[in-house]
Engineer: 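One structure follows; several queries about it will come next.
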Amino acid sequence: MTEVEIFPAAGRFVTHGQTAGVEEHGGAGLSGIQTRHSFAFGAHYDPKNTGFGLLVAHNDEHLEPGAGFDMHPHRDAEIITWVVEGTIRHIDSLGHDTLLAPGTVQWQGAGGGIVHSERNASADRPARFVQVWLTPDEFGLAPGYASAQVKLETNMLTLLAGGALGQAEAEATVTAEATVTAGFEDEQDPSAGEPDLPLRIRQRHAALYGTRLEGGGAVELEPAPYTHVFVVSGVVRIEEDPLESGDAARIVGEGALLQCLDDAEVLIWQMQKSTRDLLA
């Protein structure tokens, strides 16, 4: 039996900074940011909604021109970012200063500690990215980084990132049109990169897929203990439930059919375990 729980976008926005709205949750340096949280996070706190599967944060970030997050630390988290709109400037304590365009997937293994910033690189255009934090396989590892530009297949699932890739994929991943730093014993020279390869993450029980759906198209979601669906844009349907941009669904059970009602972009996490399983 498949169980589907829908989480609509409405009511999950947190506005940061006095200049961006009437509520001040972020303080100085965070003006012009509006975040849609899928789980309890900061000012958006709900003790009954602290994660799903291995996901501990799923944030849909909308940045006004020039807005962003100043340098801040992370530890013991696998951080995956998908750029939706605009150009994001990423700077971190590993020495990266990178511009990320739409269609870029980025991995940061926080490991024993990393400091980074993310900012809208444009002075006159908005930007948007989706960022997810997962529980890693191991704690206290060396921090690492990689990014790749990916073209999503139409009406098919495209693997963006995973921790249980085959050996050939794993070796190719660390050369994928990316800057790669530490984290993998089989690291190779990133200058030999090829495009459209999935990123390898340090969580073997999770995989991230993306798809572009055309009206009337559909993809079958294979059974998994935990499946998280996020609609980046457009309108889709899971069973009888419609989902629009910003809506999410959590699926437990035998899989589901994802049908397109209006051209859509969708991100799907499939996970074989939960954080509770790993910490038990």
Side-chain angles (χ1 to χ4, degrees), residues 1-14 35-61 77-82 84 105 128-136 152 157-164 201 203-213 218-261 264-280:
M1 179 179 179
T2 298
E3 297 180 8
V4 179
E5 189 173 8
I6 305 298
F7 288 80
R12 292 191 285 112
F13 270 122
V14 172
T35 304
R36 181 184 288 129
H37 297 288
S38 289
F39 308 116
F41 192 97
H44 175 71
Y45 181 66
D46 179 357
K48 297 180 181 179
N49 183 27
T50 56
F52 177 72
L54 293 161
L55 307 184
V56 295
H58 191 293
N59 300 333
D60 183 6
E61 306 287 1
E78 293 293 282
I79 304 171
I80 311 299
T81 301
W82 174 254
V84 178
V105 59
R128 180 188 176 197
F129 65 91
V130 177
Q131 188 170 98
V132 179
W133 304 355
L134 296 89
T135 305
L152 296 181
L157 295 181
T158 302
L159 178 62
L160 301 179
I201 66 175
Q203 177 42 264
R204 62 185 180 277
H205 302 295
L208 171 64
Y209 299 88
T211 185
R212 292 189 188 279
L213 295 170
V219 292
E220 187 74 34
L221 303 181
E222 296 295 326
Y226 305 94
T227 298
H228 184 275
V229 175
F230 180 77
V231 182
V232 176
S233 61
V235 184
V236 300
R237 181 171 62 202
I238 300 176
E239 295 184 340
E240 299 303 318
D241 300 306
L243 292 87
E244 300 181 352
S245 177
D247 292 346
R250 301 176 198 177
I251 304 171
V252 177
E254 300 175 356
L257 182 65
L258 182 63
Q259 298 175 292
C260 181
L261 302 181
E265 180 177 309
V266 184
L267 298 176
I268 300 113
W269 280 98
Q270 291 208 302
M271 297 160 283
Q272 302 302 317
K273 291 186 180 294
S274 69
T275 298
R276 180 175 296 180
D277 294 333
L278 297 185
L279 300 179

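Just so you know, residue 1 is the first one in the sequence shown, and it goes up from there.
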Engineer: Which heavy atom of Met271 sits nearest to which heavy atom of Ala224, and what is that distance?
Structural biologist: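 Closest approach of Met271 to Ala224, heavy atoms only: O-CB, 4.1 Å.
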
Engineer: Does the side chain of Tyr209 come within less than 4.5 Å of Val229's, by heavy atoms?
Structural biologist: no

Engineer: Can you tell me which residue among Val232, Leu258, Leu152 is in a side-chain contact (heavy atoms from CB on, under 4.5 Å) with Val266?
Structural biologist: Leu258

Engineer: Do Val132 and Thr81 have side-chain heavy atoms sitting under 4.5 Å apart?
Structural biologist: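 Heavy-atom side-chain distance check fails, nothing below 4.5 Å.
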
Engineer: Got Ile79 and Gln131 here, is their nearest side-chain heavy-atom distance under 4.5 Å?
Structural biologist: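 Yes. Closest side-chain heavy atoms under 4.5 Å.
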
Engineer: Considering only heavy atoms from C-beta outward, does the side chain of Phe129 approach that of Val84 to under 4.5 Å?
Structural biologist: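 Side-chain contact under 4.5 Å: no.
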
Engineer: Could you grab the distance from atom CD of Gln259 to atom CD of Glu240, nearest 0.5 Å is fine?
Structural biologist: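 Gln259 atom CD to Glu240 atom CD measures 8.0 Å (nearest 0.5 Å).
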
Engineer: Identify the two heavy atoms, one from Ala9 and one from Ser245, that lie closest to each other, and give their separation to 0.1 Å.
Structural biologist: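 Nearest pair, atom of Ala9 first, then Ser245: CB-O, 4.0 Å.
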
Engineer: Provide the closest heavy-atom pair for Ile6 versus Ala249 in the form atom of the first, atom of the second, distance.
Structural biologist: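 What the structure gives for the nearest pair is CD1-CB, 3.7 Å.
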
Engineer: Going by heavy atoms in the side chains, are Leu213 and Val219 under 4.5 Å from each other?
Structural biologist: yes

Engineer: Please name the pair of heavy atoms, one in Gly246 and one in Arg36, separated by the smallest distance, quoted to 0.1 Å.
Structural biologist: CA-NH1, 3.3 Å

Engineer: Kindly indicate whether the side chain of Leu257, heavy atoms from C-beta on, has any atom under 4.5 Å from the side chain of Ile238.
Structural biologist: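 No, side chains not in contact.
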
Engineer: Please tell me whether His58 and His37 form a close aromatic pair, meaning their ring centres lie under 6.0 Å apart.
Structural biologist: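 For His58 and His37, the ring centres are not under 6.0 Å apart.
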
Engineer: Flag this pair as yes if the NZ/CZ of Arg250 is under 6.0 angstrom from the six-membered ring centre of Tyr226 and inside a 45 degree cone about the axis; otherwise no.
Structural biologist: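 The answer is no; the distance or angle limit is not met.
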
Engineer: Mind checking whether Thr35 and Asp60 have side chains closer than 4.5 Å, heavy atoms only?
Structural biologist: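 Contact flag for Thr35/Asp60 side chains = no.
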
Engineer: So, Glu265 and Arg212, do they make that salt bridge, N to O below 4.0 Å?
Structural biologist: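 Yes, Glu265 and Arg212 are salt-bridged.
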
Engineer: Leu54 and His205: side chain to side chain contact (heavy atoms under 4.5 Å, CB included), yes or no, with the steps?
Structural biologist: CA-CA 8 Å; Leu54 293 161; His205 302 295; 3.8 Å; yes

Engineer: When rounded to the nearest 0.5 angstrom, what distance separates CG in Asn49 from CZ in Phe7?
Structural biologist: 5.0 Å

Engineer: Quick one, Val252 with Phe52, criterion side chain to side chain contact (heavy atoms under 4.5 Å, CB included). Give me CA distance, side-chain angles, the key distance, then yes/no.
Structural biologist: CA-CA 10 Å; Val252 177; Phe52 177 72; 4.0 Å; yes

Engineer: Heavy atoms, side chains only, cut-off 4.5 Å: are Leu55 and Trp133 in contact?
Structural biologist: no

Engineer: Could you tell me which non-hydrogen atom of Thr227 sits nearest to which non-hydrogen atom of Glu222, and how far apart they are?
Structural biologist: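 Nearest heavy atoms, Thr227 then Glu222: OG1-O, 4.4 Å.
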
